[in-house]
Amino acid sequence: MGIPENPPNPPSRFVQAAARFMATGPAKTFLRKVGWRFDRGLIKLTNGHVSLSMVLPEVLLTHTGAKTGKQRSTPLTYFTDGGRVIVIASNYGDPRHPAWYHNVKANPRVTLSSRGYRGAYIAEEMVGEERDRLFALATQYMPNYAGYQKTTQGRQIPVVAFTEVS
């Protein structure tokens with residue numbers, strides 16, 4: 001796999017502190033409204049070597065709009081599992097799924113970029129026991145996901161696995 005391996009290890013104290021900060025109202029609002037735009041540009045400019053996160057690895061997901069057919073890019077925190085890139089469609093705990101999730105469901109062939117690597121991938125939403133296992137790993141890796149699940153007003157947060165196309 002070309003995207004750098006990132007096992008879902010328990011977070012360091014530094015990551016835990018950053019996660020607590022990112023869970024505050026002002027930080028979530030900034031990240032949801034404008035932060036991702038800055039991050040997308042920073043990731044593109046540095047070929048995936050620098051992002052706003054600085055504490056968690058990010059992948060730049062390039063996907064096709066479900067309605068528009070236009071290419072879109074979204075920076076996402078990720079971890080790896082069994083050769084797959086795993087992302088969580090948390091939308092910071094919003095009751096709605098993120099736009100990228102709808103696009104990937106409609107057009108699962110995507111491009112992922114991280115730390116100088118760029119490759120073609122196929123997206124698949126995880127369901128049942130596999131979704132639950134991966135979401136549990138995600139909450140160990142990034143504790144905010146558990147908190148986000150509580151604020152979704154009943155929406156189950158999707159887990160999406162990306163497998164590289166050979």
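Computed over heavy atoms, backbone and side chain alike; hydrogens, waters and symmetry mates excluded.
- Rounding to the nearest 0.5 angstrom, the gap separating the CD1 atom in I157 from the NZ atom in K150 is 11.5 Å.
- Atom CD1 of I3 is separated from atom CZ of R115 by 9.0 Å, given to the nearest 0.5 angstrom.
- One hydrophobic cluster holds both V59 and Y117 under the rule that ILVMFWY side chains link at heavy-atom gaps under 4.5 Å.
- F135 carries R131 over the face of its six-membered ring, with the cationic atom under 6.0 Å from the centre and within 45° of the normal.
- L61 is not listed as a side-chain neighbour of Y78, based on a closest heavy-atom distance of 4.5 Å or more.
- Atom CZ of R109 is surrounded by 12 or fewer heavy atoms from other residues, nucleotides or ligands within 6.0 Å.
- When the salt bridge (Lys or Arg N to Asp or Glu O under 4.0 Å) test is applied to E125, the partners found at least two apart in sequence or on another chain are K105.
- At a cut-off of 3.5 Å, with distance as the only test, a side-chain donor of Q71 or T64 sits close to an acceptor on the other residue.
- No side-chain heavy atom of T152 sits under 4.5 Å from any side-chain heavy atom of D94.
- Judged by distance alone, with hydrogens and angles left aside, the side-chain atoms of S73 form no donor-acceptor pair with the main-chain N or O of T62 at under 3.5 Å.
- Atoms CD1 and CG, from I88 and L134 in turn, are 7.0 Å apart once rounded to the nearest 0.5 Å.
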Does the pair N91 and Y148 meet the rule for a side chain to side chain donor-acceptor pair (under 3.5 Å), with working shown?
CA-CA 8 Å; N91 205 16; Y148 293 160; over 6 Å; no

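- Y121 has its side chain out of reach of T163: every pair of non-hydrogen atoms, C-beta onward, lies at least 4.5 Å apart.
- When the salt bridge (Lys or Arg N to Asp or Glu O under 4.0 Å) test is applied to R118, no partner is found at least two apart in sequence or on another chain.
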